[in-house]
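Per chain, numbering begins at 1; letters A, B, ... match sequence-line order.
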Amino acid sequence: MPDAPERANRPALSLHVPEPPGRPGDAPDFSHVQVLPAGATPRPDSATPARAMADMVYGLVRVLNDAGDAVGPWNPRLSPETLLAMLRVMVTTRVYDDRMFRAQRQGKTSFYIKSTGEEAVAVGAAFAMQPDDMCFPIYRQQGLLIARGYPLRLMMNQVYSNRGDPLHGRQLPIMYSSKEFHWFSISGNLGTQVPQAVGWAMASAIKNDSRIAATWTGEGATAEGDFHHACTFASVYRAPVILNVVNNQWAISSFQGIAGGEQTTFAARALGYGIAGLRIDGNDILAVHAATAWAADRARANLGPTIIEHFTYRAESHSTSDDPGAYRPAKEGEAWPLGDPIERLKRHLIRLGAWDEERHAALQAETIDAVRAVQREAEKLGTLGDQTFHDIGTMFEDVYEQMPWHLAEQRAQSAAEVEAARS
Amino acid sequence: MPDAPERANRPALSLHVPEPPGRPGDAPDFSHVQVLPAGATPRPDSATPARAMADMVYGLVRVLNDAGDAVGPWNPRLSPETLLAMLRVMVTTRVYDDRMFRAQRQGKTSFYIKSTGEEAVAVGAAFAMQPDDMCFPIYRQQGLLIARGYPLRLMMNQVYSNRGDPLHGRQLPIMYSSKEFHWFSISGNLGTQVPQAVGWAMASAIKNDSRIAATWTGEGATAEGDFHHACTFASVYRAPVILNVVNNQWAISSFQGIAGGEQTTFAARALGYGIAGLRIDGNDILAVHAATAWAADRARANLGPTIIEHFTYRAESHSTSDDPGAYRPAKEGEAWPLGDPIERLKRHLIRLGAWDEERHAALQAETIDAVRAVQREAEKLGTLGDQTFHDIGTMFEDVYEQMPWHLAEQRAQSAAEVEAARS
Amino acid sequence: MSTMNMIEALNSAHQIVMERDDNVVTLGEDVGYFGGVFRVTAGLQKRFGKHRAFDTPIAESGIVGACVGMAAYGLRPVAEIQFADYIYPAIDQIVSEAARLRYRSSGDWPMPITIRSPYGGGIFGGQTHSQSPEALFAHVAGLKTVIPSTPYDAKGLLIAAIEDNDPVVFFEPKRIYNGPFEGFYDRPASPWSKHPASDVPEGYYAIPLGKAAVVRPGEAVTVLAYGTMVHVARATAEHLGVDAEVIDLRTIVPVDIETIEESVKKTGRCLVLHEATRTAGFGAELAALVQERCFYHLEAPVERVTGWDTPYPHSLEWAYFPGPVRLGLAFKKILEA
Amino acid sequence: MSTMNMIEALNSAHQIVMERDDNVVTLGEDVGYFGGVFRVTAGLQKRFGKHRAFDTPIAESGIVGACVGMAAYGLRPVAEIQFADYIYPAIDQIVSEAARLRYRSSGDWPMPITIRSPYGGGIFGGQTHSQSPEALFAHVAGLKTVIPSTPYDAKGLLIAAIEDNDPVVFFEPKRIYNGPFEGFYDRPASPWSKHPASDVPEGYYAIPLGKAAVVRPGEAVTVLAYGTMVHVARATAEHLGVDAEVIDLRTIVPVDIETIEESVKKTGRCLVLHEATRTAGFGAELAALVQERCFYHLEAPVERVTGWDTPYPHSLEWAYFPGPVRLGLAFKKILEA
Ligand SMILES: Cc1ncc(C[n+]2csc(CCOP(=O)(O)OP(=O)(O)O)c2C)c(N)n1
Ligand SMILES: Cc1ncc(C[n+]2csc(CCOP(=O)(O)OP(=O)(O)O)c2C)c(N)n1
Ligand SMILES: [Mg+2]
Ligand SMILES: [Mg+2]
């Protein structure tokens, strides 16, 4: 054994705490973001062994260039009709978000979360998957649910927790759930959905089904143990699942360096499990579509999971409870080098000759009207603010399949309480 | 949105469940183990950025070749005295393990876990670290505690849970704890020690201390969320910590493929966090020493953590409660291509002219005598079998710093119980 | 009928349910090829294939998380957590997810998951192979918690649990896997074969969840127990000649309040018994319920006989474990009160 | 003296302890630059540096695991878990590690860790921003659990918790961060500045853990409460003119049994009040204790007034929350019994 050390001869340690490039008062600075040109990142075959495509986790799959052309090997070559359909959903999503955000500000609900700036992540995936592939989303994929055709009306009813809320007012706004639309109940507990998606995919494989699963997590929540469990299980059983990491640079007030993004990319997590990893421009809906389709092909061929890091930017506050002005430079969103996903698709469609500014303005106006109309209908069923809820008795239902005695008793007590309050 | 899919056109999925190359009745088969020659894996400078040394996670650092020579860039060039000291500790560890295993079989304690075949992992690290560097071990690093000079007598007292047990019989045998020897209390809950080691290392950095931390986990337990938290925190804060993964091929009955070892190496986990990763021959004590010293240098230079995968083999049963004959080929241990760590160091010392078979036999015999002598002394203080324990009142101590009223009451009740049982 | 110990009975439950319903899958650490460290899942992989009975990585939360996804698909996963002491990493997936999904989705995503785990002390397992964490699960709305005490019950309750459409935490008292333990640790153990409840039908039967069993009628005092403690209670009452009515709760949530009330109103005295630490243990719930509902029938306060409020010790296990002496003193106290 | 709301008082506690002892470090999600989503740690990073107040990755178990290591080194970490609803992933590190290390090491590794977390309902936070999981921690030997109800107490108790050499789970009733809430959700809220307990000394003071406070003397019935419920109890008693003695437990483990016993023996009636689900909640422990110790003084069963045994709902929050109506009915019942 070595002798007792001379501590004086050893260097002093110090704690490194990552710090974002800018704070309130600073000018936005994205010089650390390496914007690889569209078309530059190669496209391996979707059957490529993970190790042989390791470099992909440090690349950046981009299809739409600044001019609005779709270039390079990842171009999914979608028809103008499909492109337009995607545009419509993205616009609807943004308008919907705006309306609901305002509704919260008007006291009509408790809470709201926008997906502004990240619409391509959700909508691109919807168009690349089959409608019966199963989604385990977080709270920023409303675009996907809209793309699948889930009625806006039901979404609003839920946001308002009103009499028409399919979830009986039990859940926060935004935590949608729809078995019919193959959309799992969104959880408030970050990360939990990721191993669940893997379990669903394992079940599909156990049953020799053909449906695959996809899940989304923010980059911040990749630090949760559940993300690791998901990657481990997905790797071990080669589960047919797409693990999407939406790196929107921020997790409430902490920048992606606090989640581990300073040392490497989030796509690089894939290397640790020997699974395929792609890093893509999340504001480029064609890149999202192409990467999702690639990963879906791989999964359907029993070649296992893919981690896709969507490099994007949370353009607005984390939620209605948050004020980003307190922790990041004021105009950071405008300086974001990958642009706005709606603008980029619009430009592409115009470039293709399938679209123009007038039609876009019209679409925008129409969408606002349409969403407003639905909103008026929804509000007829009540809002959280005016407290038009489901019956109090419903609170005791669905805790168990059959109500046990103690809940039945409590329901009776609760009814007595209503009675007493009235008198 | 795409139309409803034709499911018939999609291929059927199937679940992949990894299977080891052999089961009871089969001949041992290690053809999947790529035994890179000693000296072949390069040695990057310990300040090399993680990404630039990514290949190391697929290599296999080996110093001792089959002939018993120490070769290649990782040769730590230790003096014969140091080599001999290491040999002695390894032999002591093996003898100690044997004696305690037998003691369990004789009913003198409840449980025991041997480290047979893995002694180099623990002992090599002990000699490459400073004695005041902090260890967060699991239950198979007894060699390290012995190397640090913790008295065998105390270890045995604990195994016997007798009156001399420094932990008052509270812990299982093998779950040692010694603040004096910078050895954290071993946990029964796998994985928990890994983020703890990172926290300790962060604290050392916060205090501008110079001491680093090291932790060990089995490859099986790397699947726990705690391993991920540890890697994430270590990466984010560049904590001065060495994260050892002891890949002994088995986790009770499940082979390393069930932990994720089929798709990539465990050292590769490092790539996902952007931290340094080394994969080494864990049965080669010189490789263990060299890799540990490399990682310690890196940590002391504020360059952060290293994951070291020790590729080794659990030569005996998981514990006294286990029978590996039920799940792996009978002579798998003998077929293990990396040999036995004690034999390999012995051969090296002989090759150096510093040792011979006679002296080795004498060492072996001496050690057995010495360990037996300690054992006799320890047994004078009692064994679990003969129930010579600490006072029952001690059971209520150390739950809190000060005993709250309810524990004081319970202690009194317990005393009354003893009284009642007597009468 | 066969003579089965509890392990065999639990194994038989698996075999039967997996045969009847190919949506049932079994997973956990060491449960596949090896059949579980306690052998409860022995032979399942061979019989039903690797895709229906398989080993998992060592990640309890991953196991339960995967089960939630599998249940969402439509399977009925049965997960083994190797020891109840290792269930803590999985608590978020159990409490925040499995337990609440039916509610959260207004019925769309029921969670027919069974989480089995050996629990309890008496085997010199030290701090991490001895714990009884049932109270934590009892507190969580949406979960059922079941604890059998005999091979017969173990099989019937496990079948019911697996067939139940809600998540069930199923704790198996490992001390009595091989034979009943009556608390006299210094007397020779008897195997299940000597006990009538080891006569177990080979075929299908289910014991409804939420129903207790009066395992020993009596007039002087009601003892509420589950798991190993049922045997300790019965034996101690025999031994001391106390006319105790011993109720084996079998399911702790939902608890069989009718059987409890009926008994306590008859005896006027109630003693609750568990291995877990006392403070905020399930015994507190039982004491609270009994005094709420039987207050005017009670002739003495409800007594709690439990493990002490310390971590579970290794060597002093028998001083920790609530055995015949502790129970005897409590009988004395409550009967003299 | 300053007027402080609870957030300011908690912040002041941090400032003082960090100033006095440079082994105190503060960490958690968003606690560094931003100062916490509820602003409890505002200004700490600026004042004490990034190495003493910093953001962590989103991994509650990683946070507590790191705290255990830091405590082993000799620091006194104070961790914030952003909402108590998110403490479940950390339970293994809290229960199996922090709580047991002193014991496991026979005193070598005490764990002076404080885990702060906003808890409880009343803010339309839905299922995952409203829970009250205190009972789970109360069951675990080796932990202390503290819940303040005023700015004055919050500061003094937090200082005591941080200075305590054992791990403390410190739940902060977020509903009353900014002002007391008396349960009348349809009446305007009053700020702390109108309440005497918002007079908070600027300097150091500690309130011993384990000591309750009689916040309203009375003769007819004892009410045991903590957190937000203390205010509901007091206001309801005022409102209905019930001569209730309201005890703010402040620490639930170890609970101040003397104060409880003294009061119940005087009033002969006891009502326990909490937001958490009823079954196996901490109210069960209180009911069990009270009937064990005051049985012959009790004129009615101990009543529990609690949240229902359902997940915490969003829109029906006020039908879930134990408010003045529920408490009023319980007063009526217990006083007429
Ligand atoms: C287990 C858990 N811990 C903490 C939180 C609180 N929380 C809600 S959102 C959030 C940030 C998430 O960031 P990220 O994962 O990057 O997703 P983003 O919001 O950026 O889309 C946090 C910490 C939570 N919901 N669940
Ligand atoms: C949290 C937790 N889960 C499960 C166990 C049970 N268990 C004890 S050792 C072991 C296998 C560990 O294998 P590995 O990590 O490879 O270490 P090895 O025993 O091979 O050294 C298991 C599953 C445990 N102790 N803790
Ligand atoms: Mg984010
Ligand atoms: Mg192993």
Asker: Quick check: do Lys179(A) and Ser105(C) have side-chain heavy atoms less than 4.5 Å from each other?
Answerer: no
Asker: Side chain, backbone, both or neither: which part of Lys50(C) has an atom under 4.5 Å from a heavy atom of chain A?
Answerer: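 No part of it gets close to chain A.
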Asker: Counting heavy-atom pairs under 4.5 Å with chain A, which one of Gly74(C), Ala71(C), Gly107(C) comes out on top?
Answerer: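 Most pairs with chain A among the choices: Gly107(C).
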Asker: Is there a side-chain contact between Lys207(A) and His51(C) in this structure, where contact means two heavy atoms from C-beta onward sitting under 4.5 Å apart?
Answerer: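 Result no, sub-4.5 Å side-chain heavy-atom pair not found.
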Asker: Side chain, backbone, both or neither: which part of Tyr176(A) has a non-hydrogen atom closer than 4.5 Å to chain C?
Answerer: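 Contact with chain C: none, neither part.
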Asker: Go through the atoms of His168(A) and report whether side chain, backbone, both or neither lie under 4.5 Å from a heavy atom of chain C.
Answerer: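 Both backbone and side chain.
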Asker: Examine whether an atom of Pro110(C) lies under 4.5 Å from a heavy atom of chain A, and if so say whether it belongs to the side chain, the backbone or both; otherwise answer neither.
Answerer: neither
Asker: With a 4.5 angstrom heavy-atom cut-off, could you sort out which part of Glu401(A) is near chain C: side chain, backbone, both or neither?
Answerer: both
Asker: Which atoms of Leu27(C) come close to chain A, meaning under 4.5 Å heavy atom to heavy atom: side chain ones, backbone ones, both, or neither?
Answerer: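 Looking at Leu27(C), nothing touches chain A.
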Asker: Measure Met395(A) against the heavy atoms of chain C and call it side chain, backbone, both or neither at under 4.5 Å.
Answerer: both
Asker: Can you find a pair of side-chain heavy atoms, one from Val68(C) and one from Trp200(A), that are under 4.5 Å apart?
Answerer: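 They are not in side-chain contact.
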Asker: Against chain C, label Val399(A) side chain, backbone, both or neither, depending on which of its atoms sit under 4.5 Å from a heavy atom there.
Answerer: both
Asker: Using atom types as modelled and distance alone, determine if a side-chain donor or acceptor of Tyr400(A) lies under 3.5 Å from a backbone N or O of Gly142(C).
Answerer: yes
Asker: With a 4.5 angstrom heavy-atom cut-off, is it the side chain or the backbone of Leu75(C) that approaches chain A, or both, or neither?
Answerer: side chain
Asker: Which bit of Leu407(A) comes within less than 4.5 Å of chain C, counting heavy atoms only: side chain, backbone, both or neither?
Answerer: neither
Asker: Would you mind telling me which of Ser106(C), Pro167(C), Gly62(C) has the largest number of heavy-atom pairs within less than 4.5 Å of chain A?
Answerer: Ser106(C)
Asker: Can you tell which part of Asp22(C) gets under 4.5 Å to a heavy atom of chain A, answering side chain, backbone, both or neither?
Answerer: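 Both parts, heavy atoms under 4.5 Å.
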Asker: Could you look at Val255(C) and say if it's the side chain, the backbone, both or neither that has a heavy atom under 4.5 Å from chain A?
Answerer: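 Both parts, heavy atoms under 4.5 Å.
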Asker: Examine whether an atom of Met134(A) lies under 4.5 Å from a heavy atom of chain C, and if so say whether it belongs to the side chain, the backbone or both; otherwise answer neither.
Answerer: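 For Met134(A), the contact with chain C is made by the side chain alone.
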Asker: What is the distance from atom OG of Ser178(A) to atom CH2 of Trp109(C), rounded to the nearest 0.5 Å?
Answerer: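 Rounded to the nearest 0.5 Å, the OG-CH2 separation comes out at 7.5 Å.
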Asker: Rounded to the nearest 0.5 Å, what's the gap from CD on Gln402(A) to CG on Leu209(C)? Could you check?
Answerer: 10.5 Å
Asker: Please tell me whether Ser177(A) and Arg104(C) have a donor and an acceptor in their side chains that are separated by less than 3.5 angstrom.
Answerer: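 Side-chain D/A pair, Ser177(A) to Arg104(C): absent.
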Asker: With no hydrogens and no angle check, do the side chains of Glu97(C) and Ser187(A) hold a donor and an acceptor under 3.5 Å apart?
Answerer: yes
Asker: Would you say the side chains of Asp226(A) and Ser61(C) form a donor-acceptor pair under 3.5 Å?
Answerer: yes
Asker: Tell me, side chain or backbone of Gln158(A) under 4.5 Å from chain C's heavy atoms, or both, or neither?
Answerer: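 Gln158(A) has no heavy atom closer than 4.5 Å to chain C.
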Asker: Quick check on Val140(C) against chain A: is it the side chain, the backbone, both or neither that has a heavy atom closer than 4.5 Å?
Answerer: backbone
Asker: Specify which of Ile257(C), Asn23(C), Leu101(C), Asp92(C) makes the most heavy-atom pairs with chain A at under 4.5 Å.
Answerer: Ile257(C)
Asker: Give a yes-or-no answer on whether the side chains of Ser96(C) and Asn189(A) include a donor-acceptor pair shorter than 3.5 Å.
Answerer: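 Yes, because at least one side-chain N or O of Ser96(C) sits under 3.5 Å from a partner of the opposite role on Asn189(A).
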